[in-house]
Amino acid sequence: MPVSRAGQRRIQPVRAIRALRRLLADKEDTAQVFEIMNALAGDSARRGYLKMLRTPEGGDQAFRMAELADRLQDKTWLRALPADSVGAAYLALIEERDFSAYGLAEESRKVADTEIDAAHPYAWYARRLRDVHDIWHVLTGYQTDALGEACVVAFSYPQTRSTGFGLIAAGVALEFMRARTGHPCARAILQAWQRGRRAAWLPGLDYEALLAEPLDEARVRLGLSGPTLYDRVPVEARNAYRDAA
């Protein structure tokens with residue numbers, strides 16, 4: 001979610017819609033997510049960063065300004081975490097899918113006018129939201145199929161108040177409705193948004209401490225009950241809108 005140093009970017013809805021169309025045609029085109037977020041960022045990063053400063057844990061993280069991508073790229077550290085931890089589940093996810101924190105960072109830099117690497121607190125906060133995306137997959141229980149990605153995005157919308165997340169979630173939900181899978185795909189995306197509203201505020205957490213915490217305990221502490229509607233959708237139907245395109 002790149003931001004200007006003033007914390008406010010001009011909203012570009014046409015640019016966002018074009019990028020959404022490209023993303024719906026190819027869900028693996030991660031750069032389009034950052035294109036959408038860049039086009040619709042507004043002042044969400046400024047507001048999120050200032051919210052961090054109003055909480056003891058978030059304020060401490062803002063003071064430290066640690067780069068999460070560097071920590072998440074350290075597989076030796078991740079492998080040393082307890083087997084039942086958030087970090088162990090995160091490591092299993094990225095190794096299964098051949099993901100990496102630096103890989104996601106490189107995708108974010110493909111946007112032509114990005115300021116994601118700026119030496120500014122708002123840009124640091126934007127990098128932080130980028131880097132925790134796959135941790136939120138683990139915490140919420142959503143996989144990395146098309147439906148799972150849409151659910152994490154929908155969950156992220158109330159957590160970040162970034163309009164780009166809302167646009168992506170709505171776009172994918174409509175595609176699933178058009179696909180008529182017979183399964184509660186669109187309702188699963190709506191439920192993800194509701195879960196994001198009810199859960200604790202995740203952007204300000206101490207993620208190094210969280211990654212060492214038992215996953216089940218972390219979910220309870222953060223108010224993350226299970227993704228019941230998503231779990232009802234068969235695995236083979238979770239990419240159904242792409243199959244119907």
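Along the sequence shown, residues are numbered consecutively beginning with 1.
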S.K.: Let's go through Arg238 and Glu149 carefully: what are the C-alpha distance in whole Å and the side-chain angles of both, what is the deciding distance for salt bridge (Lys or Arg N to Asp or Glu O under 4.0 Å) to 0.1 Å, and is it a yes or a no?
M.R.: CA-CA 10 Å; Arg238 293 175 183 171; Glu149 290 288 358; over 6 Å; no
S.K.: Donor-acceptor check, side chain of Asp29 to backbone of Leu23, threshold 3.5 angstrom: yes or no?
M.R.: no
S.K.: Could you walk me through whether Ser44 and Arg161 pass the side-chain hydrogen bond (donor to acceptor under 3.5 Å, both in side chains) test, one step at a time?
M.R.: CA-CA 6 Å; Ser44 59; Arg161 301 296 181 185; over 6 Å; no
S.K.: Of all the heavy-atom pairs spanning Pro184 and Val233, show the shortest one and how long it is.
M.R.: CD-CG2, 4.0 Å
S.K.: If you take all heavy atoms of Leu93 and Val138, which pair is closest and at what distance?
M.R.: CD2-CG2, 4.1 Å
S.K.: A quick test of your reading: do over 12 heavy atoms of other residues, nucleotides or ligands sit less than 6.0 Å from CZ of Arg180?
M.R.: no
S.K.: Side chains of Gln12 and Leu40, heavy atoms from C-beta outward: is any pair under 4.5 Å?
M.R.: no
S.K.: Out of Asp131, Asn38, Ile116, which one pairs with Ser108 under the side chain to side chain contact (heavy atoms under 4.5 Å, CB included) rule?
M.R.: Ile116
S.K.: Nearest heavy-atom pair of Ala118 and Ala123: which atoms, and what distance?
M.R.: O-CB, 3.4 Å
S.K.: Look at the side-chain heavy atoms of Ile, Leu, Val, Met, Phe, Trp and Tyr, link any pair under 4.5 Å apart, and say whether Ile168 and Ile17 land in one connected group.
M.R.: yes
S.K.: Between Asp84 and Leu215, does the side chain to side chain contact (heavy atoms under 4.5 Å, CB included) criterion hold? Intermediate values first, please.
M.R.: CA-CA 6 Å; Asp84 63 347; Leu215 176 56; over 6 Å; no
S.K.: Salt bridge (Lys or Arg N to Asp or Glu O under 4.0 Å) between Arg221 and Glu213: does it pass, once the steps are laid out?
M.R.: CA-CA 10 Å; Arg221 179 172 68 86; Glu213 188 175 346; 2.9 Å; yes
S.K.: Which pair of heavy atoms, one from Ile36 and one from Ala19, lies closest together, and at what distance?
M.R.: CG1-CB, 3.5 Å
S.K.: Assess the residue pair Glu67 and Arg127 against the criterion (side chain to side chain contact (heavy atoms under 4.5 Å, CB included)); give the C-alpha distance rounded to whole Å, side-chain angles, the decisive distance to 0.1 Å, and a yes or no.
M.R.: CA-CA 8 Å; Glu67 295 291 344; Arg127 293 193 295 274; 2.8 Å; yes
S.K.: Hey, what do you get for OG (Ser162) to OH (Tyr157), rounding to the nearest 0.5 Å?
M.R.: 8.5 Å
S.K.: What's the verdict on salt bridge (Lys or Arg N to Asp or Glu O under 4.0 Å) for Arg64 and Asp206, showing C-alpha distance, side-chain angles and the deciding distance?
M.R.: CA-CA 11 Å; Arg64 296 173 185 274; Asp206 178 343; over 6 Å; no
S.K.: Under the 3.5 angstrom rule, does the side chain of Arg128 hit a backbone N or O of Pro203 as a donor-acceptor pair?
M.R.: yes
S.K.: Any non-hydrogen side-chain atom of Lys110 less than 4.5 Å from a side-chain atom of Phe34?
M.R.: no
S.K.: Decide whether Tyr122 and Leu53 are clustered together by the hydrophobic rule: side chain heavy atoms of Ile, Leu, Val, Met, Phe, Trp, Tyr closer than 4.5 Å, transitively.
M.R.: yes
S.K.: Could you grab the distance from atom CZ of Phe63 to atom CG of Asp60, nearest 0.5 Å is fine?
M.R.: 8.0 Å
S.K.: Kindly indicate whether the side chain of Glu95, heavy atoms from C-beta on, has any atom under 4.5 Å from the side chain of Arg79.
M.R.: yes
S.K.: Between Val172 and Met177, is there shared hydrophobic-cluster membership here, with clusters defined by ILVMFWY side-chain heavy atoms closer than 4.5 Å?
M.R.: no
S.K.: Are Leu167 and Ile11 grouped together when hydrophobic residues (ILVMFWY) are joined by side-chain heavy atoms under 4.5 angstrom apart?
M.R.: yes
S.K.: Measuring from Tyr90:OH to Leu139:CG, what's the distance to the nearest 0.5 Å?
M.R.: 12.0 Å
S.K.: State whether the side chain of Arg195 and the backbone N or O of Phe155 hold a donor-acceptor pair below 3.5 Å, judged by distance alone.
M.R.: no
S.K.: Under the 3.5 angstrom rule, does the side chain of Ser156 hit a backbone N or O of Val152 as a donor-acceptor pair?
M.R.: yes
S.K.: Is the shortest heavy-atom distance from the side chain of Leu202 to the side chain of Tyr207 under 4.5 Å?
M.R.: yes
S.K.: Minimum heavy-atom separation for Ala218 and Leu210, please, with both atom names.
M.R.: CB-CD1, 3.8 Å
S.K.: Could you check Leu24 against Gln32 for side chain to side chain contact (heavy atoms under 4.5 Å, CB included), going step by step and ending with a plain yes or no?
M.R.: CA-CA 9 Å; Leu24 293 176; Gln32 299 307 320; over 6 Å; no
S.K.: Could you tell me the separation between the CE atom of Met37 and the CD atom of Glu35, rounded to the nearest 0.5 Å?
M.R.: 12.0 Å
S.K.: Enter the distance from Phe165:CZ to Leu129:CG here, rounded to the nearest 0.5 Å.
M.R.: 6.5 Å
S.K.: Indicate whether the side chain of Tyr102 and that of Asp70 have a donor and an acceptor atom separated by less than 3.5 Å.
M.R.: yes
S.K.: Output the distance between atom CE (Met52) and atom CG (Leu205), rounded to the nearest 0.5 Å.
M.R.: 8.5 Å
S.K.: Could you see if Val153 belongs to whatever hydrophobic cluster contains Leu229? Use Ile, Leu, Val, Met, Phe, Trp, Tyr and a side-chain cutoff under 4.5 Å.
M.R.: no
S.K.: Before giving the answer on side chain to side chain contact (heavy atoms under 4.5 Å, CB included), spell out for Ile94 and Lys75 the whole-Å C-alpha distance, their side-chain angles and the decisive distance to 0.1 Å.
M.R.: CA-CA 10 Å; Ile94 62 172; Lys75 289 191 176 181; 4.3 Å; yes
S.K.: More than 12 heavy atoms of other residues, nucleotides or ligands under 6.0 Å from CZ of Arg197: yes or no?
M.R.: no
S.K.: Just jot down the ring-ring contact (aromatic ring centres under 6.0 Å, His included) partners of His183, sequence neighbours excluded, or say none.
M.R.: none
S.K.: Please identify each residue that fulfils ring-ring contact (aromatic ring centres under 6.0 Å, His included) with Tyr230, with sequence neighbours left out.
M.R.: Tyr142
S.K.: Any Lys/Arg nitrogen of Arg71 or Asp74 sitting under 4.0 Å from an Asp/Glu carboxylate oxygen of the other?
M.R.: yes
S.K.: Ile189 and Ala150: which non-hydrogen atoms are nearest, and at how many Å?
M.R.: CD1-CB, 3.7 Å
S.K.: If you draw a 6.0 Å radius around CZ in Arg18, do more than 12 non-hydrogen atoms from other residues or ligands fall strictly inside?
M.R.: no
